[in-house]
Amino acid sequence: MIRGIKGVKDLLPEETPRWRFIEETARRWADRYGFHEIRIPIFEVTTLFARSIGASTDIVEKEMYTFQDRDGSSLTLRPEGTAGTVRAYIEHNRAAVPVPQKYFYFGPMFRHERPQAGRLRQFHQFGVESLGMADPRADVEVIALLWRILSNLGLQGLTLEINNLGYPADRDSYRPHLVTYLRQYESSLCANCQRRIEANPLRVLDCKVPECRAMTETAPRLADSLSEAAQAYFTGVLHGLDVIHIPYSLNHRLVRGLDYYNLTTFEVTATNLGAQNAVGAGGRYDGLVETLSGPPTPAIGFAVGLERIAMLLPESALRTTAANVVVYIAAFGDQGSGVGLSALEDLRASGIPAVSDFRSSTLKSHLRQADRLACGFTLILGDDEVQKGTAILRNMVTKSQYDLPLSSLPVAIQPLLRSS
RNA sequence: GUGGGUGUAGCUCAGUUGGUUAGAGCGCCGGAUUGUGGAUCCGGAGGUCGCGGGUUCGAAACCCGUCAUCCACCCCA
């Protein structure tokens with residue numbers, strides 16, 4: 001048996017309704033906030049990701065699906081959506097379009113990680129990117145959209161955490177202070193964090209090991225090294241969130257894993273998600289467009305993990321939207337089978353959903369299938385009916401039956417379906 | 001990449017210190033009802049015990065290896 005690839009899942013028909021519900025909700029809110037859909041390729045030139053995400057990040061160092069094209073160039077399955085979106089923004093000179101460029105996207109992302117609860121190798125994200133506006137209200141707009149979508153889906157136990165990473169210059173002046181502090185207590189940090197002191201000291205703040213947490217509790221804070229401009233900007237964002245009543249909590253430890261973030265960063269976490277508890281996250285990335293050789297462009301965005309949302313989505317959220325009435329065609333016998341095929345087609349042509357199971361040859365098995373398929377009505381069509389030029393419509397709930405003329409089936413059936 | 005758990009029927013799982021023919025519930029098929037579904041009753045089908053080796057008179061069980069899967073570390077959505 002050929003199996004699917006490790007960490008890559010099939011979504012069977014039983015689960016696609018909840019995915020459609022999530023996608024439709026996200027689309028609806030994105031539309032209300034003035035974001036427009038963009039569809040970008042699932043693979044790009046490798047250097048795009050290396051330059052945007054950061055060459056020393058885990059994603060780029062050991063998690064990308066990279067392969068050689070036939071001409072020898074290096075391509076990579078996208079591990080996230082921002083890089084490609086920004087590439088498209090630059091390539092199509094969207095900076096010249098005189099309105100804010102606000103995009104959203106859906107799609108699969110690929111990272112070679114060890115699968116576990118809430119983590120797959122092919123997973124799906126919904127994300128938005130707001131390009132061109134260096135205004136705290138743009139941050140508020142993006143965060144509000146994220147919060148509205150998750151709240152509207154009925155997800156419970158969510159927390160919005162937010163932090164200010166400041167400008168690159170702020171972090172440059174802060175980093176030596178932090179490193180000096182960490183060096184003092186190097187021996188009591190976990191092995192990982194000892195390595196991080198050189199590679200990425202800010203990530204030590206995000207470590208979950210209790211000893212490291214205790215150590216960093218009294219570490220110098222980035223917040224104290226921030227420039228006035230960065231502090232003023234962040235104050236503007238928080239004020240905006242207050243004004244529109246989006247609940248948040250400050251988390252000075254919140255450091256994102258991608259290099260391109262600055263100023264506002266945020267993350268929504270959920271209880272009941274296991275170890276991978278981030279549902280969605282994002283932040284401002286004012287330098288990225290320039291890094292990729294585009295014009296200076298402020299920007300902010302987020303991405304949410306659709307698998308994680310699907311895990312959290314309460315069953316009650318999938319309110320059974322009054323399903324279409326489906327007619328089951330129970331056609332059997334030499335003549336009934338043939339007439340049944342045209343009855344199916346006639347109903348469908350007039351907009352009535354109709355199904356049948358062609359394996360069934362007796363009325364009994366047909367009715368059983370109609371029941372399993374939860375069809376509201378069954379059209380019984382055997383040789384006797386064909387002789388009389390009629391068909392019997394059975395209401396599967398009330399069990400009442402009506403004789404209908406075969407010659408005008410769709411017309412005769414309509415009012416009976418509606419009255420149910 | 002590292003660590004741990006679990007692999008027995010379509011599904012969820014039992015299976016005694018190693019001992020006859022490997023079980024249950026649900027599901028499936030058929031009959032009671034030869035043209036009327038769900039409920040009930042009766043009957044039936046369905047298993048290379050993940051795979052490969054080893055120990056043993058004898059292995060689903062013990063040992064080694066391997067694969068798959070889940071969870072955690074790490075990392076992240």
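First the proteins, then the strands, lettered A, B, ... as listed; each starts at 1. Computed over heavy atoms, backbone and side chain alike; hydrogens, waters and symmetry mates excluded.
The distance between the ring centers of A/Tyr328 and A/His366 falls below 6.0 angstrom. Note: A/Phe104 and A/Phe126 meet the aromatic proximity criterion, with ring centroids under 6.0 Å apart.
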Report, one pair per line, the protein and nucleotides 39-49 of chain B atoms (nitrogen or oxygen only) whose separation is under 3.5 Å.
none

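Residue contacts for A/Arg3: at a heavy-atom cut-off of 4.0 Å it reaches the sugar-phosphate backbone alone, with no base atom in range. When heavy atoms are screened at a 4.0 angstrom cut-off, A/Gly274 is found touching the sugar-phosphate backbone but no base atom. Across all strands shown, A/Leu373 has no heavy atoms under 4.0 Å from either base or sugar-phosphate atoms.
Proximity note for A/Arg114 (side chain, C-beta onward) versus B/A68, B/A77, B/U2: the nearest is B/U2.
Listed by first then second residue, pairs satisfying ring-ring contact (aromatic ring centres under 6.0 Å, His included) with a partner in residues 263-289 of chain A read A/Tyr260-A/Tyr285, not counting sequence neighbours. Judged as a salt bridge (charged side-chain N to carboxylate O under 4.0 Å, His left out), the pairs with a partner in residues 13-22 of chain A (not counting sequence neighbours) are, in order, A/Arg18-A/Glu315, A/Arg20-A/Glu24. Legend: side chain to side chain donor-acceptor pair (under 3.5 Å) pairs involving residues 46-55 of chain A, not counting sequence neighbours, sorted by first then second residue: A/Thr46-A/Ser74, A/Thr46-A/Thr76, A/Arg51-A/Ser293. The stretch residues 376-391 of chain A participates, sequence neighbours left out, in these side chain to side chain donor-acceptor pair (under 3.5 Å) pairs: A/Gln335-A/Gln387.
A/Arg368 pairs by the side-chain hydrogen bond (donor to acceptor under 3.5 Å, both in side chains) definition with nothing, not counting sequence neighbours. Scanning for side-chain contact (heavy atoms from CB on, under 4.5 Å) contacts around A/His112 gives A/Tyr65, A/Arg121, with sequence neighbours left out. Here A/Phe35 pairs with nothing under the ring-ring contact (aromatic ring centres under 6.0 Å, His included) rule; sequence neighbours left out. With sequence neighbours excluded, no residue forms a side-chain hydrogen bond (donor to acceptor under 3.5 Å, both in side chains) with A/Arg348.
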If you look only at distance, which donor and acceptor atoms sit under 3.5 Å apart when one is on a side chain in residues 162-170 of chain A and the other is two or more places apart or in another chain?
{"residue": "A/Asn163", "atom": "ND2", "partner": "A/His252", "partner atom": "O", "Å": "3.4"}
{"residue": "A/Asn163", "atom": "ND2", "partner": "A/Leu254", "partner atom": "O", "Å": "3.0"}
{"residue": "A/Asn164", "atom": "OD1", "partner": "A/Gly166", "partner atom": "N", "Å": "2.9"}
{"residue": "A/Asn164", "atom": "ND2", "partner": "A/Ala230", "partner atom": "O", "Å": "3.2"}
{"residue": "A/Asp170", "atom": "OD1", "partner": "A/Ser227", "partner atom": "N", "Å": "3.3"}
{"residue": "A/Asp170", "atom": "OD1", "partner": "A/Ser227", "partner atom": "OG", "Å": "3.2"}
{"residue": "A/Asp170", "atom": "OD2", "partner": "A/Tyr167", "partner atom": "N", "Å": "2.9"}
{"residue": "A/Asp170", "atom": "OD2", "partner": "A/Ser227", "partner atom": "OG", "Å": "3.1"}

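A/Ala83 and A/Leu292 make their closest contact through O-CD1, 4.5 Å (heavy atoms, listed as atom of the first residue, atom of the second, distance).
The CZ atom of A/Arg203 sits 8 Å away from the C1' atom of B/C76 (whole-angstrom rounding). In this structure, the CD1 atom of A/Ile5 is 11 Å from the P atom of B/U69, given to the nearest Å. Residue A/His112 contributes atom NE2, which lies 18 Å from atom C1' of B/A77 at whole-angstrom precision. A straight line from CG of A/Asp58 to C1' of B/C74 spans 7 Å, rounded to a whole angstrom. Between the C1' atom of B/C73 and the CD atom of A/Gln116 lies a distance of 8 Å, rounded to the nearest Å. Note: CE (A/Met109) to P (B/A77) measures 11 Å, nearest angstrom. Spacing between atom CZ of A/Phe123 and atom P of B/C76 amounts to 12 Å, rounded to whole angstrom units. One atom, CZ of A/Phe126, and another, C1' of B/C76, lie 19 Å apart when rounded to the nearest Å.
Helical stems of RNA chain B (runs of at least 3 Watson-Crick or G-U pairs, donor-acceptor distances under 3.5 Å) are listed by first residue: B:1-7 with B:67-73, B:10-13 with B:23-26, B:28-32 with B:40-44, B:50-54 with B:62-66.
When the P atom is compared between B/G27 and B/C71, the two are found 28 Å apart, to the nearest whole Å. Nucleotides B/G47 and B/A9 have their P atoms positioned 10 Å apart, rounded to a whole Å. A distance of about 30 Å separates the C1' atoms of B/A72 and B/G15, rounded to the whole Å. Atom P of B/A59 sits at a distance of 15 Å from the matching atom of B/G50, rounded to the whole Å. Straight-line distance between the C1' atoms of B/A45 and B/C26: roughly 16 Å, to the nearest whole Å. Taking the P atom of each, B/U21 and B/A68 are spaced 34 Å apart, rounded to whole Å. One P atom belongs to B/C28, the other to B/G38, and the distance between them is 10 Å to the nearest Å. Here the separation of B/C64 from B/G3, taken at their P atoms, is 15 Å to the nearest Å.
Counting atom types as modelled, A/Arg308 pairs a side-chain N or O with a base atom of B/C76 as donor and acceptor under 3.5 Å.
For the pair A/Gln125 and A/Gly4, both in contact range of RNA chain B, the more 5′-proximal nearest nucleotide belongs to A/Gly4. For the pair A/Ala303 and A/Ala117, both in contact range of RNA chain B, the more 5′-proximal nearest nucleotide belongs to A/Ala117.
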For nucleotides 27-38 of chain B, read 5' to 3', which letter fits each nucleotide if B means a protein heavy atom sits under 4.0 Å from the base, S means only the sugar-phosphate is that close, and - means neither?
-> -SSS--B-BBBB
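With respect to A/Glu37 and A/Arg39, a salt bridge is recorded, a charged nitrogen being found less than 4.0 Å from a carboxylate O.
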